[in-house]
Amino acid sequence: MEIFAPDALEREKHRKIEGLKELPGDTDSVVLRFAPNPNGPLTLGHSRGVVINSEYAKMHGGKVVLRFDDTDTKVKPPLPEAYQWIEDEYEWLAGRPADVIVRASDRMPVYLEFARKLLSEGHCYVCKCSAEEFRKYRESKVECPCRSKSVSENLSDWNSMNNGEFGEGDAVVRVRTDMTLPNPALRDWPALRIQHSPHPMVGGRYRVWPLLDFQSAIEDHEQGVTHIVRGKDLMDSTRKQTLLYEHLGWNYPETLYWGRVKVHEFGGFSTSSMRSSIETGEREGWGDLRLPTIQSLRRRGFDARALREFWIELGVTQKDISVPMQTIESMNSSVLDAKTERRSFVASPILLEIKGINGTVVESPRHPDGEIEGFRTWTLSNSIYIQQTDCGNVSLRLKEFADISISGSIGKIESIERSDDRPIVQWLPKEESCEANLYVPEGDKVNVIDGLLEDCDLVVGNVYQLERVGFAVLEEISDTGVAKLVWLHS
RNA sequence: GCUCGUGUAGUGUAGUUCGGUCCAUCAUGACGGACUCUCGAUCCGUCGACCCGGGUUCAAAUCCCGGCACGAGCACCA
């Protein structure tokens, strides 16, 4: 029977399947969500959430809710501009906009109403213990005195919380679970607290704001979320929220977890610490070349497809990992190489006089493998530039042109055809070049390399591959004709 | 301290549910070579791993027991 390729059957288990593993549970109409705090723009870390959720939605024909978790007015307050940034960055990363967009701060009436309902049903209570006092109760598995208050007393305290009678820290709403639960994190966890500082988007309208576990749990249900993919640091959140869902008679969504990711070059991705580095002036802004923000990566010329491939390749595993930027760069190179025109960039240029080449026309391909058709055409005078670092050689091959010998600042043509295996270097005729500064982020610094860029059909915003140097974005050309290049990678 | 999670080549990842088809997949990397008028691309080859110790079994990366290591939560942050 098995005459044909039994080997192929045997190898089945060996083959690595492409893409993400299927989502568990019922996948008939999948609703996922991506829920960032808009206290800054998206980082490389957030891009995992965008990519994984949007890919799963694509895979199962589902939807993604982009939800702004902006219910903290104090510790990590929202940045008003960030809402739009994040919507745009989401679309760039996912390749399409989010299906639904909600702001937690717009949904406050819903959360407050659920809190009141839970209070009146006895599933929550207003706790007036201080954080330190409650910690002792939690650690010793003892119920706090507030737990035994009547419903009417709780509702009256709830009113005091909302009407400003209670100050910040005076009271908190807790979900009644069980103080003897083995996991201390789950014991009567806090659901809402008082914050009097105004919210940047909705002002001073509310005095009581929900905490993540409460807001997220309610909103996931309201939006019909079927699958949650989150960091495994939120495993206890799932457990807390499941206890709340039990009070409400709801079923908790399927939940997947991923581990912590660090990129060698950046470490973790803390929005708050980036924000402070900008405020102190250590960084120029969210698009600073040294920052792991999506703004910065976009600016440097990373392609969203490379980021997508990267996160899909890592998949959703619970391992804590640390990856080198090189992995992303290598994926970016394979996306970009075929569609990037070549240009000559000569760093620290040295002038060379060559007699008898005036008027000669040199043609170089826009892409060496013909992926992009056409040529860059130069008309020479007798002056050309080569890179200082190439001057140590007496014999050079000027790429696509001629073999030369150098003596001092004079070059002499030895052969138009390639005659030996002397080094091939990129070069530029004086008339075909413009001044250029290449900005290269390196650790805490941004190095600026002065040089000349080939001035041929330059389009601001394009990524070019600078021959023998690497990929860079032409960010702008000044009024005086100086090109600003931003380094991508080699 | 309590609770939870994770350990496969340098870095990631497949395989672990239902033990054999796994002398363990793929990518990236390193090294060597071919090709090329870029130090790019392409092609070929090589290197390199099941955390440790027991047990069950004809057979263990996979099951059981015991260690060890690393990470996270126990915030009136998300």
Side-chain angles (χ1 to χ4, degrees), chain A residues 6-7 9-18 21 35-39 69-72 74-77 104 127 129-131 134-135 138-139 141 168-174 181-187 189-195 208-209 211-213 215-216 230-240 257 259-261 264 271-272 309-310 312-315 317-324 326-331 333-334 336-338 340 342 344-345 364-365 367-369 371 397-403 417-418 421-426 465-471 490:
Chain A
D7 271 3
L9 295 172
E10 280 177 20
R11 306 298 288 182
E12 194 65 23
K13 200 174 173 184
H14 275 293
R15 218 172 21 219
K16 185 172 173 177
I17 34 156
E18 290 293 311
K21 268 180 259 181
N37 179 350
N39 62 336
D69 278 354
D70 58 350
T71 56
D72 174 28
K74 222 180 169 120
V75 184
K76 293 177 181 171
C127 173
C129 299
S130 70
F134 193 83
R135 178 158 29 86
R138 180 172 48 228
E139 280 167 4
K141 304 188 181 183
E168 293 189 2
D170 288 350
V172 67
V173 175
R174 294 188 180 281
L181 251 20
N183 186 343
L186 311 186
R187 298 172 195 156
W189 54 272
L192 302 99
R193 81 315 207 176
I194 301 169
Q195 287 198 330
V208 177
W209 288 87
L211 286 148
L212 168 87
D213 288 312
Q215 179 272 129
S216 177
R230 54 163 53 133
K232 67 174 183 178
D233 53 314
L234 294 180
M235 277 183 166
D236 284 345
S237 266
T238 302
R239 299 179 184 110
K240 289 186 221 174
Y257 304 94
R260 189 188 170 87
V261 178
H264 294 349
T271 304
S272 333
E309 262 179 57
F310 172 71
I312 290 168
E313 164 69 29
L314 294 203
T317 70
Q318 294 190 24
K319 260 165 84 173
D320 297 317
I321 56 170
S322 182
V323 292
Q326 195 186 36
T327 304
I328 302 174
E329 290 173 354
S330 136
M331 289 176 175
S333 294
S334 34
L336 288 184
D337 189 81
T340 317
R342 309 296 135 122
S344 192
F345 174 78
S364 308
H367 190 285
D369 307 321
E371 306 275 1
R397 168 87 188 161
L398 301 179
K399 194 168 185 303
E400 305 288 349
F401 178 44
D403 288 354
E417 293 306 311
R418 184 146 200 219
D421 60 355
R422 65 184 69 193
I424 297 166
V425 302
Q426 85 282 21
Q465 194 203 92
L466 309 176
E467 288 173 317
R468 289 180 73 224
V469 179
F471 294 96
S490 49

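In what follows, every chain begins at residue 1, and chains take the letters A, B, ... in the order their sequences are listed. Side chains included, hydrogens not; waters and symmetry mates left out as well; all remaining heavy atoms used.
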State, yes or no, whether a side-chain contact exists between [X] and [Y] at a heavy-atom distance under 4.5 Å.
X         : Y         : answer
Val425(A) : Leu398(A) : yes
Gln465(A) : Leu336(A) : no
Ser237(A) : Arg230(A) : yes
Arg468(A) : Lys399(A) : no
Arg193(A) : Lys74(A)  : no

[X] side chain: which of [options] is closest?
X         : options                : answer
Arg397(A) : C37(B), A78(B), A41(B) : C37(B)
Asp320(A) : G71(B), C76(B), G1(B)  : G71(B)
Asn183(A) : C39(B), U3(B), U11(B)  : U3(B)
Arg468(A) : U13(B), U38(B), C74(B) : U38(B)
Thr327(A) : U28(B), G73(B), C77(B) : U28(B)
Asp72(A)  : G40(B), U13(B), A78(B) : A78(B)
Thr317(A) : U13(B), C77(B), C37(B) : U13(B)
Ala185(A) : G73(B), C77(B), G12(B) : G73(B)
Glu313(A) : G12(B), A41(B), A14(B) : G12(B)
Leu211(A) : A14(B), C76(B), U38(B) : C76(B)

Return the nucleotide paired to [N]: Watson-Crick means purine N1 to pyrimidine N3 with N6-O4 or O6-N4, wobble means G-U with N1-O2 and O6-N3, both under 3.5 Å.
N      : value
C68(B) : G7(B)
A41(B) : none
C63(B) : G55(B)
C2(B)  : G73(B)
C22(B) : none
C50(B) : none

Does [X] place a side-chain N or O at less than 4.0 Å from the phosphate oxygens OP1/OP2 of [N]?
X         : N      : result
Lys319(A) : C70(B) : no
Lys21(A)  : G15(B) : yes
Arg193(A) : A78(B) : yes

[atom1] spacing across the pair [N] / [M], given as an integer number of angstrom:
N      : M      : atom1 : value
A61(B) : G20(B) : C1'   : 13 Å
C77(B) : A72(B) : C1'   : 16 Å
U6(B)  : C47(B) : P     : 33 Å
C63(B) : A59(B) : C1'   : 13 Å
U36(B) : A24(B) : P     : 36 Å
C37(B) : G29(B) : P     : 24 Å
A60(B) : G54(B) : C1'   : 13 Å
G45(B) : C65(B) : P     : 44 Å

What is the separation between atom [atom1] on [X] and atom [atom2] on [N], rounded to the nearest whole Å?
X         : N      : atom1 : atom2 : answer
Gln326(A) : A30(B) : CD    : C1'   : 10 Å
Ile312(A) : U28(B) : CD1   : C1'   : 17 Å
Ile194(A) : C76(B) : CD1   : C1'   : 9 Å
His367(A) : C37(B) : NE2   : C1'   : 15 Å
Trp189(A) : C77(B) : CH2   : C1'   : 15 Å
Gln465(A) : U42(B) : CD    : C1'   : 14 Å
Glu168(A) : C76(B) : CD    : C1'   : 9 Å

With heavy atoms under 4.0 Å as the rule, sort [X] into base, sugar-phosphate or nothing.
X         : value
Gly169(A) : base
Gln318(A) : sugar-phosphate
Cys127(A) : nothing
Pro36(A)  : nothing
Thr71(A)  : sugar-phosphate
Ile321(A) : sugar-phosphate
Asp369(A) : base
Ser322(A) : sugar-phosphate
Arg239(A) : sugar-phosphate

If you assign Val469(A) and Met235(A) each to the RNA chain B nucleotide with the nearest heavy atom, which residue ends up on the more 5' nucleotide?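 Looking at RNA chain B, the more 5' nearest nucleotide goes with Met235(A).
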RNA chain B: 5'-proximal contact among Phe471(A) and Lys76(A) (nearest heavy atom):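 Mapping each residue to its closest nucleotide by heavy atoms, the 5'-most match is Phe471(A).
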Strictly distance-based, threshold 3.5 Å: is any side-chain N or O of Arg239(A) a donor or acceptor partner for the main-chain N or O of Leu234(A)?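 Flag not set: sc Arg239(A) to bb Leu234(A) has no pair under 3.5 Å.
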Test item: side-chain donor near acceptor, Asp236(A) and Asn183(A), under 3.5 Å: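 Yes, because at least one side-chain N or O of Asp236(A) sits under 3.5 Å from a partner of the opposite role on Asn183(A).
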Applying side chain to side chain donor-acceptor pair (under 3.5 Å) between Gln215(A) and each of Asp69(A), Thr71(A), Asp72(A), report the one that passes.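 In the set Asp69(A), Thr71(A), Asp72(A), the residue that makes a side chain to side chain donor-acceptor pair (under 3.5 Å) with Gln215(A) is Asp69(A).
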Between G71(B) and Asp233(A), counting only base atoms on the nucleotide and side-chain atoms on the residue, is there a donor-acceptor pair under 3.5 Å?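 By the distance-only test, no, there is no pair.
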Begin from the C-alpha positions of Lys76(A) and Asp70(A) and carry the test salt bridge (charged side-chain N to carboxylate O under 4.0 Å, His left out) through to its verdict. CA-CA 9 Å; Lys76(A) 293 177 181 171; Asp70(A) 58 350; over 6 Å; no
